[in-house]
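Scroll down for the structure; my scribbles are underneath it.
Keep in mind that the numbers below use all heavy atoms, side chains included, and drop hydrogens, waters and symmetry copies. Since the model is a prediction, treat every value here as computed from it, not as a measurement. A note on names: the letters A, B, ... follow the listed sequences, proteins ahead of strands, and every chain is numbered from 1.
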Amino acid sequence: MKRVNPDSLGHWRKTWYASDVDQELDGKEITVLGWVQEIRDLGALKFIILQDRSGTVQITIPTKKVDREVLERTSLLQTQYCIGVKGIVKKTKISKRGVEIIPSEIRILGKAQHPLPLDMTRKTPATVDTRLNARILDLCQEENRAIWRIQHTILAAFRRFLSKAGFIEVFTPRIISTATEGGAALFSVDYFGQEAYLAQSPQLYKEELTLCFEKVFEVGPFFRAEESHTRRHLSEFISIDIEQAFVTADDVMELLEKVLEYTCKTVIENLQPELMILKHEISPPSLPLKRFTYTQILDELKKEGLKIDWGEDIPTPAYRSLGKLHPYFYFITEWPTKSKPFYIESKDSNPEVSEGFDLMWKWMELASGGTRVHSKDVLVERLKRQGLNPDSFRHHLQVFDYGLPPHAGWAAGLERLLMMLTGKLNIREVVLFPRDRTRLTP
RNA sequence: GCCCUGGUAGUAUAGUCCGGUCUAGUAUAAGCGGCUGUCGCCCGCUCGACCCGGGUUCAAAUCCCGGCCAGGGCGCCA
């Protein structure tokens, strides 16, 4: 690192984002603030590519024409330095963007220690692991900014759609007591000497809330202590949950496909530049989405040579085959009751078959939901059958004595939606600071 | 947790099968010098690496064992 103290920002404020500097500004004095992405030094002529959250703009320094202060500052610059440039915009036919800035003053606002852990010019791409170890630097890449603008848009679309549909956003506890839903492994927490756990889903709370609010949704992180080693699982993930009173699985499936369509359309309509950066094309789902029963899926798999007995779970390789047969969104319905959680209602006509469903995208599960059990006796029975102690659920069961309405809901994985919308194949790439079996930092 | 594959400069790779001119090659980044229109600029020079521990051998980046880490797959994922 060259010996230089950072300049102060003083009264400098950004007058333009890099990508907004265009030929219309020809001859105007502007201030841009950002980072040195690249320096191309041709001797008596130097080019600095300045990058900010919007994109890049070229600073051109004809060394014989600019003043000495600018030259001195320029000679100190290295890539990734945070700088401010005040200068005159010049229209040009030679530069690719058709515009450049001739600086009258340069301020160094933040230095960078070289060598950096990543090649910021991206001439030598790094592996996902290396990028995650230097995540903040990695996130400066244009492609990453595109991913998080898409995430922001997904969340905004979900919230807008659900709010319009009359849902209100709620927050349920992340710290819970021993009494849980069973199943997935939980992370334990020392809660003032008491044993506590990190929530794996808001399931029971959101069901209870239908009693007072009827329509609720929640967006937030949940935790699963599974030893998973795949590119679609995380220890900490963001779940988008809804729960609604006085409806069944069919109703919330319709809601799910509509919000999905709305979200996809919103991204396609508003974020073409981002999708271009990611070199990813998406088409919105055409409604209604196909619905296959679990039994139909088994038949299809059988034709593919994959024999699964009725009642068994579908193994990953079988899902991959399904993805090839159905390269789009589709529902799988009428799962065996025993392969679904205790709170999923079974059919009146056949207790072996449930009203639970999964929303699939190719081979990957994006969301799952169903009609919920709303008879206390049935729920107690189901708890027992899954080896859980009803006494641990007494607070939840009590709500059934307060007039719990029939209800249904679903949960969608935000990161998996993002994978679908960005074309990324490793879930870690679409999480700012992913947590998995071995990664706890940064 | 299991299986497969891998771990070489800041980054990404060649070399490993078949141990010995490997004094470890290349690209890129970084440093220095040169160049007035670059836009993955160009040219020259320089810096910089065999994951850790043990073993076999005259000799280990290379073979063996253990560990750690990574990638993929499987399982788990109510």
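Arg382(A) comes within 4.0 angstrom of nothing in the nucleic acid, heavy atoms only. Within the nucleic acid shown, Ser95(A) comes within 4.0 Å of at least one base atom, counting heavy atoms only. At the heavy-atom level, Ala44(A) lies under 4.0 Å from base atoms of the strands shown. Residue Glu100(A) is classed as a base contact, given a heavy-atom separation below 4.0 Å to a base. Among the atoms of the strands shown, none is found under 4.0 Å from any heavy atom of Lys46(A). Contacts of Pro125(A) with the nucleic acid, taken as non-hydrogen atoms under 4.0 Å apart, involve only primed sugar atoms and P, OP1 or OP2. Counting any heavy atom pair closer than 4.0 Å across all strands shown, Arg231(A) reaches sugar-phosphate atoms only and no base atom.
Of the candidates U38(B), G10(B), G75(B), the closest approach to any side-chain atom of Pro117(A) belongs to G10(B). Listed candidates were G72(B), G37(B), A29(B). Nearest to the side chain of His229(A) is G72(B). Residue Thr127(A) places its side chain closer to A12(B) than to any other of A12(B), G10(B), C39(B). Side-chain proximity of Arg428(A) to the nucleotides G71(B), C76(B), U38(B) is greatest for G71(B). In this structure, of A70(B), U38(B), U36(B), it is A70(B) that holds the atom nearest to the side chain of Thr438(A). Distances were taken from every side-chain heavy atom of Gln203(A) (C-beta onward) to each of G31(B), G75(B), A78(B); the shortest belongs to A78(B). Taking every side-chain heavy atom of Thr316(A) into account, C77(B) is the closest of G1(B), C39(B), C77(B).
A distance of 6.0 Å or more separates the ring centres of Phe393(A) and His395(A). In this structure, Trp410(A) has its ring center no closer than 6.0 Å to that of Phe357(A). Outside the 6.0 Å centre-distance limit, the rings of Tyr205(A) and His396(A) are not counted as a close aromatic pair. Between Phe217(A) and Phe167(A), the gap from one ring centroid to the other reaches at least 6.0 Å.
Mapping Arg131(A) and Thr230(A) onto RNA chain B by nearest heavy atom places Arg131(A) closer to the 5' end of the strand.
Taking only side-chain nitrogens and oxygens, Asn426(A) comes nearer than 4.0 Å to OP1 or OP2 of G72(B). One finds a side-chain N or O of Arg224(A) lying less than 4.0 angstrom from the OP1 or OP2 phosphate oxygen of A78(B). In terms of phosphate contacts, Gln58(A) brings no side-chain nitrogen or oxygen within less than 4.0 Å of OP1 or OP2 of G37(B). Listed pair Thr79(A) / A30(B) meets the phosphate criterion, a side-chain N or O lying under 4.0 Å from OP1 or OP2. The shortest distance between the side-chain N/O atoms of Arg320(A) and the OP1/OP2 oxygens of G73(B) is below 4.0 Å. The phosphate of G1(B) has OP1 or OP2 within less than 4.0 Å of a side-chain N or O from Arg437(A).
Spacing of P atoms, U28(B) relative to C43(B), comes out at 8 Å, to the nearest Å. The separation of A30(B) from C47(B), taken at their C1' atoms, amounts to 8 Å, rounded to a whole angstrom. Taking atom C1' in both C51(B) and G44(B), one finds a spacing of 35 Å when rounded to whole Å. Comparing the same atom, P, in C58(B) and in G1(B) gives a spacing of 39 Å after rounding to whole Å. Using P as the reference atom, A70(B) and C77(B) are 23 Å apart when rounded to the nearest Å. Rounded to whole Å, the P atom of C63(B) lies 24 Å from the corresponding atom of C2(B). Spacing between A49(B) and U23(B) at atom P, rounded to whole Å, works out to 15 Å. A9(B) and G15(B) are spaced 16 Å apart, taking the P atom of each and rounding to whole Å.
Proximity of a side-chain donor or acceptor of Arg107(A) to a complementary backbone N or O of Glu105(A) within less than 3.5 Å is not detected.
Residues Val32(A) and Tyr17(A) are not in side-chain contact: their nearest non-hydrogen atoms beyond the backbone lie 4.5 Å or more apart. Within the 4.5 Å cutoff, no side-chain heavy atoms of Pro406(A) are placed close to those of Thr248(A).
As rounded to whole Å, 6 Å separates atom P of A29(B) from atom CG of Asp119(A). Atom P of nucleotide C76(B) and atom OH of Tyr319(A) are separated by 11 Å, given to the nearest angstrom. Rounding to whole angstrom units, NE2 of residue His233(A) and P of C74(B) are separated by 10 Å. Atoms CZ (Phe223(A)) and C1' (A78(B)) sit 18 Å apart, rounded to a whole Å. Between Asp436(A) atom CG and A70(B) atom P there is a gap of 7 Å when expressed in whole angstrom units. Rounded to whole Å, the distance from CG on Asp138(A) to P on A12(B) is 11 Å. Counting to the nearest Å, the P atom of A30(B) and the CG atom of Leu118(A) are 13 Å from each other. Look at OH on Tyr197(A): it is 17 Å from P on A78(B), rounded to the nearest Å.
A salt bridge links Lys307(A) with Asp309(A): at least one charged nitrogen is closer than 4.0 Å to a carboxylate oxygen. For Glu334(A) and Lys347(A), the salt-bridge test passes: some basic side-chain N is under 4.0 Å from an acidic carboxylate O.
Within the structure, salt bridge (Lys or Arg N to Asp or Glu O under 4.0 Å) pairs that include any residue of residues 76-95 of chain A comprise Lys90(A)-Glu100(A) (at least two apart or interchain).
For Ser339(A) and A78(B), a side-chain-to-base donor-acceptor distance below 3.5 Å is absent, hydrogens and geometry of angles not being considered. A donor-acceptor contact under 3.5 Å is not formed by the side chain of Glu226(A) with the base of G75(B). Within 3.5 Å, a donor on the side chain of Ser228(A) pairs with an acceptor on the base of C76(B), or the reverse.
For G1(B), the paired nucleotide is C74(B), the pair qualifying as Watson-Crick or G-U wobble because both relevant distances are below 3.5 Å. For G25(B), the paired nucleotide is U13(B), the pair qualifying as Watson-Crick or G-U wobble because both relevant distances are below 3.5 Å. A30(B) is paired with U46(B) under the Watson-Crick or G-U wobble criterion, all donor-acceptor distances under 3.5 Å. Across all strands shown, C63(B) forms a Watson-Crick or G-U wobble pair with G55(B), both key distances being under 3.5 Å. Across all strands shown, C68(B) forms a Watson-Crick or G-U wobble pair with G7(B), both key distances being under 3.5 Å.
A salt bridge (charged side-chain N to carboxylate O under 4.0 Å, His left out) with Lys206(A) holds for exactly one of Glu214(A), Glu169(A), Glu243(A); it is Glu243(A).
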Practice prompt. Report, as a single string ordered 5' to 3', how protein heavy atoms within less than 4.0 Å touch nucleotides 40-46 of chain B: B base, S sugar-phosphate only, - not at all.
Written response: BB-----

Item to complete: Apply side chain to side chain donor-acceptor pair (under 3.5 Å) to the pair Glu218(A) and Thr172(A), showing each step before the final yes or no.
Response: CA-CA 8 Å; Glu218(A) 175 163 21; Thr172(A) 61; 2.8 Å; yes

